[in-house]
> 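The following block contains the structure, expressed as structure tokens.
First the proteins, then the strands, lettered A, B, ... as listed; each starts at 1. Computed over heavy atoms, backbone and side chain alike; hydrogens, waters and symmetry mates excluded.
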There are 2 protein chains.
Amino acid sequence: MDNKKIEKISRALSDASRIAILQQFKKKKDCLYCAEVNDLLDLTQPSVSHHLKQLVDADLLIPEKEGRNLKYVLNPKVLDEYIACLTDLKD
Amino acid sequence: MDNKKIEKISRALSDASRIAILQQFKKKKDCLYCAEVNDLLDLTQPSVSHHLKQLVDADLLIPEKEGRNLKYVLNPKVLDEYIACLTDLKD
DNA sequence: TTCATAAATTCAAATATTTAAATGTTTCTA
DNA sequence: TAGAAACATTTAAATATTTGAATTTATGAA
């Protein structure tokens with residue numbers, strides 16, 4: 001994982017709303033629908049869409065179309081790679 | 001570690017210069033002087049000072065005064081706590 | 001086909017971040 | 001004590017991010 005990628009993931013994680021979104025996955029087991037995020041957090045729909053996009057762009061979430069709905073699943077692989085880079089920083 | 005702290009650390013890590021600074025610790029073994037950062041990276045002195053401040057504010061670096069110089073050491077404890085939070089996100 | 005719903009995009013305003021120049025503070029040394 | 005060196009702070013400009021309102025696109029249902 002190169003520095004650009006580390007930077008992008010870190011930035012994706014550097015916002016209270018996005019951290020809250022990721023934490024919802026623990027409660028909802030694996031996947032989350034766009035509309036659910038809307039209900040669970042006090043954010044407008046465009047704002048949710050914007051935050052989800054950043055998480056997807058950082059590859060932390062994988063979007064899956066389900067007809068009219070959009071389901072997101074967590075990408076543990078990228079999270080693991082990111083964690084490995086951070087671990088590596090500690091000598 | 002609360003969400004505010006996760007946000008702060010993530011933000012500290014979301015900049016190319018600051019990632020580069022942290023990576024210098026691997027080469028320099030444990031500690032780094034302010035002036036060294038200045039030489040190693042192509043940044044002005046106020047810019048280095050600003051970036052180091054953010055890393056210190058996030059507790060990723062611990063500053064230690066040595067007379068006229070300022071020595072920074074990596075704080076592996078906070079990094080570990082941060083990593084633990086990220087690991088926890090993966091269910 | 002038409003309407004309703006889910007989500008993305010566009011746009012503008014508010015706010016935050018990055019950067020360097022100028023200046024200030026602290027501490028070592030002559 | 002005076003000057004120099006190391007680092008911090010202030011300020012301003014450029015840029016990026018966040019947010020919501022309005023609009024658009026895409027899909028499912030009647």
> Going from CG on B/Leu61 to CG on B/Asn75, what distance comes out if it is rounded to the nearest 0.5 angstrom?
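Result: 8.5 Å between the selected atoms.
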> I need the A/Leu13 CG to B/Cys85 SG distance, nearest 0.5 Å.
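Those atoms lie 11.0 Å apart.
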> Please classify the nucleic acid contact of B/Lys71 as base, sugar-phosphate, or nothing, using heavy-atom distances under 4.0 Å.
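No contact.
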> Measure across A/Ala58 and A/Val78 and return the closest heavy-atom pair with its distance rounded to 0.1 Å.
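Heavy atoms of A/Ala58 and A/Val78 come nearest at O-CG1, 3.9 Å.
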> Tell me: NZ of B/Lys65 to P of C/dT25, nearest whole Å?
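One finds 13 Å between P of C/dT25 and NZ of B/Lys65, rounded.
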> Without decimals, in angstroms, what is the distance between B/Tyr72 OH and D/dC7 P?
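From B/Tyr72 OH to D/dC7 P: 8 Å.
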> Name every donor-acceptor pair, under 3.5 Å, that has one atom in a side chain of residues 2-9 of chain A and the other anywhere in the protein, sequence neighbours excluded.
{"from": "A/Asp2", "atom 1": "OD1", "to": "A/Lys5", "atom 2": "N", "distance (Å)": "3.0"}
{"from": "A/Asn3", "atom 1": "OD1", "to": "B/Gln23", "atom 2": "NE2", "distance (Å)": "2.9"}
{"from": "A/Asn3", "atom 1": "ND2", "to": "B/Gln23", "atom 2": "OE1", "distance (Å)": "2.9"}
{"from": "A/Lys5", "atom 1": "NZ", "to": "A/Asp59", "atom 2": "OD2", "distance (Å)": "2.4"}

> Rounded to whole angstrom units, what separation is found between the CG atom of B/Asn38 and the C1' atom of D/dA8?
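B/Asn38 atom CG is separated from D/dA8 atom C1' by 13 Å.
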> Between D/dC7, C/dT5, D/dA21, which nucleotide gets closest to the side-chain atoms of A/Arg68?
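Between D/dC7, C/dT5, D/dA21, the one nearest the side chain of A/Arg68 would be C/dT5.
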> Got a second to check how far A/Met1's CE is from A/Leu86's CG, nearest 0.5 Å?
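Between A/Met1 CE and A/Leu86 CG, I get 9.0 Å after rounding to 0.5 Å.
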> Mind calculating the distance between OH (B/Tyr33) and C1' (D/dA5) to the nearest angstrom?
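After rounding, the reported distance stands at 15 Å.
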> Counting distance alone, no hydrogens or angles: does the base of D/dA6 have a donor or acceptor under 3.5 Å from a partner atom on the side chain of B/Gln45?
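Checked by distance alone, the answer is no.
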> Is the phosphate of C/dA7 approached by A/Ser49 (side-chain N or O, under 4.0 Å from OP1 or OP2)?
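Result: no.
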> Using every non-hydrogen atom in the two residues, find where B/Leu70 and B/Pro63 come nearest and quote the distance to one decimal.
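That would be CD1-CB, 4.2 Å.
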> So which nucleotide from C/dA20, D/dC7, C/dA7 ends up closest to the side chain of B/Ala35?
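So the nucleotide nearest the side chain must be D/dC7.
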> Starting at CG of A/Asn69 and ending at P of D/dT27, how long is that distance when rounded to a whole Å?
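Distance, rounded to whole Å: 12 Å.
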> According to a strict under-4.0 Å criterion, is A/Ser47 in side-chain N/O contact with OP1 or OP2 of D/dT18?
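No, because none of the side-chain N or O atoms of A/Ser47 sits under 4.0 Å from OP1 or OP2 of D/dT18.
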> Can you give me the N/O atom pairs linking the protein to nucleotides 11-17 of chain C at distances under 3.5 Å, or say none if there are none?
none

> Between side-chain atoms of residues 36-52 of chain A and protein atoms elsewhere (two or more places apart, or another chain), which donor-acceptor pairs fall under 3.5 Å?
{"from": "A/Glu36", "atom 1": "OE1", "to": "A/Tyr33", "atom 2": "N", "distance (Å)": "2.7"}
{"from": "A/Glu36", "atom 1": "OE2", "to": "A/Lys28", "atom 2": "NZ", "distance (Å)": "3.4"}
{"from": "A/His50", "atom 1": "NE2", "to": "A/Gln54", "atom 2": "OE1", "distance (Å)": "2.8"}
{"from": "A/His51", "atom 1": "ND1", "to": "A/Arg18", "atom 2": "NH1", "distance (Å)": "3.0"}

> For A/His51 and D/dT17, give me the distance from atom NE2 to atom P, rounded to whole Å.
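The answer, rounded to whole Å, is 13 Å.
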> In whole Å, what is the span from the CD atom of A/Glu66 to the C1' atom of C/dA7?
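Value for this atom pair: 14 Å.
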> Figure out the CD1/P separation between B/Ile21 and C/dT18, and round it to whole Å.
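About 11 Å, once rounded to whole Å.
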> Does A/Pro46 or A/Gly67 map to a spot on DNA chain D nearer the 5' end, using the closest nucleotide for each?
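Counting from the 5' end, the first nearest nucleotide belongs to A/Pro46.
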